[in-house]
Amino acid sequence: MSFVKMIIGLPLMAVIAVFAFVNNDMAVFSLWPFNIEVTVSLSVAVIFFIVFGYIIGKLDSWLSYAPLRRALRAQQRQNKKLSREQQELAGKVQSLKGDLENVKSKTAALPAFDGKEPVKPGLKEKISNLFKRKPKKTEDFWCL
C-alpha cells in the first residue's frame, strides 16, 4: 500500500509544486467576516492551502478511526485479562495433574482387584427393560 501511495503521491506533489512556483503573481485574500485583506504570492497561497487540506484530511481520518481505536484498546485489555486467567488455569491444571499422579500411586498400592467387573446394562437393554411387563405380585391383590 505504501508503494502505491508513493507512485500516486510523488507525481501529484511534483505537479502541484510546479504549478505553485510557476504562478508567482501576487494575490489578495480577504477574510470576509473580519474585514481583513492579506496579499501574498499565489505560489505561497497554493502551497498553504494544499498543506492545510492535507492536515484537515489527516485530522478527519484520525477522528473517523477513533471508535476503532477504542474497540482495539478494549480488546487488548480483554486479551490481557484472558491471558492472566489462562495462566492461572494452567497452574491449576498442573496442580491437578500432580494430584492425579498421587492418587494413581496410592491406588497402585491397594490390593489387586479380582478382574471381574459388574456388567452394566447398555442403552439398548435399558430401553428394552422399560417396555417389559413386570411380574405380578400376589401380595398386591385383595383376593385370598
Side-chain angles (χ1 to χ4, degrees), residues 1-24 27 29-38 40-144:
M1 190 67 181
S2 175
F3 182 71
V4 174
K5 284 182 180 180
M6 194 168 63
I7 287 178
I8 295 171
L10 287 178
L12 186 62
M13 285 177 22
V15 168
I16 290 171
V18 168
F19 176 77
F21 292 116
V22 167
N23 296 314
N24 54 0
F29 293 97
S30 65
L31 302 172
W32 167 69
F34 305 112
N35 205 9
I36 298 173
E37 288 187 2
V38 178
V40 294
S41 172
L42 192 57
S43 61
V44 171
V46 168
I47 297 295
F48 172 77
F49 286 120
I50 294 293
V51 170
F52 182 71
Y54 177 79
I55 291 171
I56 293 295
K58 283 293 185 178
L59 181 65
D60 179 53
S61 175
W62 184 72
L63 290 175
S64 67
Y65 281 107
L68 183 63
R69 287 192 309 274
R70 183 182 317 120
L72 181 62
R73 283 191 303 271
Q75 187 67 39
Q76 287 172 341
R77 283 191 301 269
Q78 178 86 12
N79 287 346
K80 286 180 183 178
K81 176 185 169 190
L82 291 174
S83 178
R84 283 191 304 268
E85 185 177 333
Q86 189 266 340
Q87 289 174 352
E88 291 172 3
L89 291 174
K92 287 181 181 179
V93 166
Q94 289 299 326
S95 67
L96 289 175
K97 283 183 180 179
D99 292 346
L100 180 63
E101 292 300 322
N102 291 338
V103 168
K104 283 183 179 179
S105 65
K106 287 179 183 178
T107 56
L110 293 176
F113 187 65
D114 64 350
K116 295 181 181 178
E117 294 184 20
V119 178
K120 295 182 182 176
L123 182 63
K124 189 173 183 180
E125 289 86 18
K126 286 181 182 178
I127 292 174
S128 65
N129 287 339
L130 288 174
F131 297 105
K132 284 185 180 177
R133 288 191 175 179
K134 299 192 179 179
K136 295 181 183 178
K137 295 181 182 177
T138 56
E139 299 165 0
D140 292 342
F141 294 106
W142 287 50
C143 60
L144 292 173

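None of the values given here were measured: they were computed from a predicted structure.
Around the CG atom of N35, the shell of radius 6.0 Å holds no more than 12 heavy atoms that belong to other residues, nucleotides or ligands. Other residues, nucleotides and ligands place more than 12 heavy atoms under 6.0 Å from the CZ atom of F29.
Taking the side chain as every heavy atom from C-beta outward, I50 and V46 approach each other to under 4.5 Å. In this structure the side chain of I16 never reaches within 4.5 angstrom of the side chain of F19, judged on heavy atoms. Side chains of Q87 and S83 form a contact here, defined as non-hydrogen atoms less than 4.5 Å apart.
Atom CG of residue L82 and atom CD of residue Q75 lie 8.5 Å apart, to the nearest 0.5 angstrom. Taking CG from L68 and CZ from R73, the interatomic distance works out to 10.0 Å, rounded to the nearest 0.5 Å. A distance of 10.0 Å separates CG of L89 from CG of L96, quoted to the nearest 0.5 Å. Between the OG atom of S95 and the CG atom of L100 there is a distance of 11.5 Å, given to the nearest 0.5 Å. Between the NZ atom of K92 and the CD atom of Q94 there is a distance of 14.0 Å, given to the nearest 0.5 Å. Taken to the nearest 0.5 Å, the CG atom of L123 stands 9.5 Å off from the OG atom of S128.
When all heavy atoms are compared, the tightest approach of S30 to E37 is CB-CG, 3.8 Å. Considering all non-hydrogen atoms of both residues, S64 and P67 come closest at O-CD, 3.5 Å.
A side-chain donor-acceptor contact under 3.5 Å links E125 to the backbone of G122. Counting only distance, with no hydrogens or angles, the side chain of R77 and the backbone of L72 share no donor-acceptor pair below 3.5 Å.
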